[in-house]
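Below is one structure; the comments refer to it alone.
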Amino acid sequence: MRAAVVVFPGSNCDRDLAVAFEQAGADVTMVWHKDSTLPEGVDIVGIPGGFSYGDYLRCGAIAANSPICKSVADHAARGGYVMGICNGFQVLTETGLLPGALLRNAGLKYICKTVGLKVETSASDYTNGYDAGDVIDIPIAHHDGNYFADAETLAKLKGEDQIAFTYTENPNGALADIAGILSDNRRVLGMMPHPERAADANHGGTDGVALFRALAGALTTA
């Protein structure tokens with residue numbers, strides 16, 4: 001598996017994501033946001049958490065217009081894999097690679113804690129290391145994680161099994177408790193919680209490991 005991790009000004013989880021990919025067996029390249037092309041032969045692009053451009057204007061909005069995002073969108077259009085975590089999820093909604101938007105948390109406060117996530121589907125290369133209905137513990141760290149979509153989009157996400165994860169106890173007001181969603185072809189994943197922060201026992205948990213291993217298994221056998 002060949003992975004690229006995009007780095008924006010303000011990214012702070014880029015190295016964590018790269019390490020999680022590497023521990024799953026990936027060859028990882030860090031890509032600066034001003035680059036206009038992705039490395040040749042990349043299987044998956046990771047958009048990491050953090051505060052790209054200081055979250056000015058609107059979270060992820062400036063990053064979505066960086067030169068590299070055109071290549072990320074082209075990669076996704078060709079059927080490539082893209083995973084956006086936290087600020088990366090915000091970037092993916094701003095680029096239109098995923099529907100909906102991430103609004104200010106309902107309590108208007110930054111939240112940083114470990115939460116329970118319910119795996120809503122195992123029918124994706126990201127989630128097939130779990131069983132649907134599993135509850136896993138994954139950290140969150142966000143100020144704008146309140147997922148919103150119109151009724152039609154929400155019905156489509158539910159009807160087509162595109163909700164990847166939900167919160168067992170909603171921390172931010174997200175509609176339908178949504179913590180992560182999949183694209184129509186199930187190759188783009190956006191999620192607010194940080195699986196890369198739950199990939200090392202020394203950091204307090206390993207419930208995120210199965211996601212990276214499942215992805216590596218799918219891409220190395222494809």
Side-chain angles (χ1 to χ4, degrees), residues 1-5 13 16-28 41-49 72 75-86 88-89 92-93 97-100 114-140 147 149 153-168 174 176-201 203 205-222:
M1 178 173 70
R2 296 195 64 191
V5 175
C13 299
D16 306 67
L17 183 55
V19 169
F21 278 136
E22 288 170 350
Q23 289 176 339
D27 177 14
V28 181
V42 161
D43 298 304
I44 180 165
V45 179
I47 312 294
V72 174
H75 173 77
R78 294 191 296 268
Y81 290 76
V82 182
M83 177 167 62
I85 299 170
C86 198
F89 188 7
L92 293 180
T93 61
L97 291 180
L98 289 173
T114 296
V115 300
L117 292 187
K118 181 182 176 184
V119 180
E120 291 292 337
T121 180
S122 60
S124 81
D125 290 335
Y126 297 96
T127 59
N128 68 15
Y130 307 103
D131 292 325
D134 282 353
V135 174
I136 59 177
D137 293 326
I138 304 290
I140 58 171
Y147 183 78
T153 298
L154 198 60
K156 179 179 181 296
L157 290 173
K158 291 179 177 178
E160 299 188 11
D161 195 33
Q162 289 175 243
I163 299 175
F165 301 103
T166 56
Y167 299 107
T168 57
D177 302 324
I178 288 174
I181 61 172
L182 296 157
S183 62
D184 289 348
N185 69 357
R186 314 184 79 73
R187 293 193 170 192
V188 180
L189 169 70
M191 60 185 298
M192 286 308 298
H194 289 267
E196 80 284 8
R197 294 186 182 180
D200 187 329
H203 294 165
T206 58
D207 281 0
V209 170
L211 185 153
F212 294 99
R213 286 182 177 170
L215 185 61
L219 291 176
T220 55
T221 58

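Being a predicted model, the structure only gives us computed values, none of them experimental.
In this structure, a donor-acceptor pair under 3.5 Å is present between the side chains of D161 and T121.
Y81 meets the ring pair (Phe, Tyr, Trp, His ring centres under 6.0 Å) test with no other residue; sequence neighbours excluded. Every residue meeting the side-chain contact (heavy atoms from CB on, under 4.5 Å) condition with V209, not counting sequence neighbours, appears here in chain and number order: A199, T206, R213. Residues passing the salt bridge (Lys or Arg N to Asp or Glu O under 4.0 Å) test with R187: none are found, sequence neighbours excluded. V19 is linked by a side-chain contact (heavy atoms from CB on, under 4.5 Å) to R15, E22, Q23, counting only residues two or more places apart in sequence or in another chain. For K158, the salt bridge (Lys or Arg N to Asp or Glu O under 4.0 Å) criterion is met by no residue, not counting sequence neighbours. Scored by the ring pair (Phe, Tyr, Trp, His ring centres under 6.0 Å) test, F165 finds no partners at all (sequence neighbours excluded). Applying the side-chain contact (heavy atoms from CB on, under 4.5 Å) rule to A174 yields the partners N146, Y147, Y167, N170, N172; only residues at least two apart in sequence or on another chain are considered. Considering only residues two or more places apart in sequence or on other chains, D27 meets the side-chain contact (heavy atoms from CB on, under 4.5 Å) condition with R2. Checked against side-chain hydrogen bond (donor to acceptor under 3.5 Å, both in side chains), T168 has no partners two or more places apart in sequence or in another chain. Residues satisfying the side-chain hydrogen bond (donor to acceptor under 3.5 Å, both in side chains) test with T127, not counting sequence neighbours, are S124. With sequence neighbours excluded, no residue satisfies side-chain hydrogen bond (donor to acceptor under 3.5 Å, both in side chains) with D134.
Annotation: side chain of I44 is in contact with side chain of M83 (closest heavy-atom distance under 4.5 Å). Residues F212 and E196 meet the side-chain proximity criterion, which asks for heavy atoms closer than 4.5 Å. Side-chain contact between L189 and L211 is present, with at least one heavy-atom pair separated by less than 4.5 Å. Contact annotation: the side chain of K156 approaches that of D184 to within less than 4.5 Å [non-hydrogen atoms, C-beta and beyond]. Side-chain contact between D131 and V119 is absent, with no heavy atoms from C-beta onward closer than 4.5 Å. Residues V115 and D137 have side chains not in contact (no heavy-atom distance under 4.5 Å, counting atoms from C-beta outward).
The minimum heavy-atom distance linking F89 with G180 is given by the pair CE2-CA, 4.5 Å. Closest heavy-atom contact between P139 and R197: CG-CB, 3.9 Å. When all heavy atoms are compared, the tightest approach of A198 to I138 is CB-CD1, 3.8 Å. Contact record, A3 with A26: CB-CB, 4.3 Å, taken as the closest heavy-atom pair. Nearest heavy atoms, G129 versus A210: O-CB, 4.0 Å. When all heavy atoms of D207 and Y130 are compared, the closest pair comes out as O-OH, 2.6 Å.
Rounded to the nearest 0.5 angstrom, L157 CG and I178 CD1 are separated by 5.5 Å. Distance check, rounded to the nearest 0.5 Å: CE of M191 to CG of L117 gives 5.5 Å. In this structure, S183 OG and L97 CG are separated by 8.5 Å, a value rounded to the nearest 0.5 Å. Here the CD atom belonging to Q162 is positioned 10.0 Å from the OG1 atom belonging to T153, to the nearest 0.5 angstrom. Distance CE/M192 to CD1/I181: 11.5 Å, rounded to 0.5 Å. Atom-to-atom distance recorded for D16:CG and I85:CD1 is 9.5 Å, nearest 0.5 angstrom.
A salt bridge (Lys or Arg N to Asp or Glu O under 4.0 Å) check over residues 115-130, counting only residues at least two apart or in different chains, returns nothing.
Side-chain atoms of H75 come within 3.5 Å of backbone atoms of D43 as a donor-acceptor pair (strictly under, hydrogens ignored).
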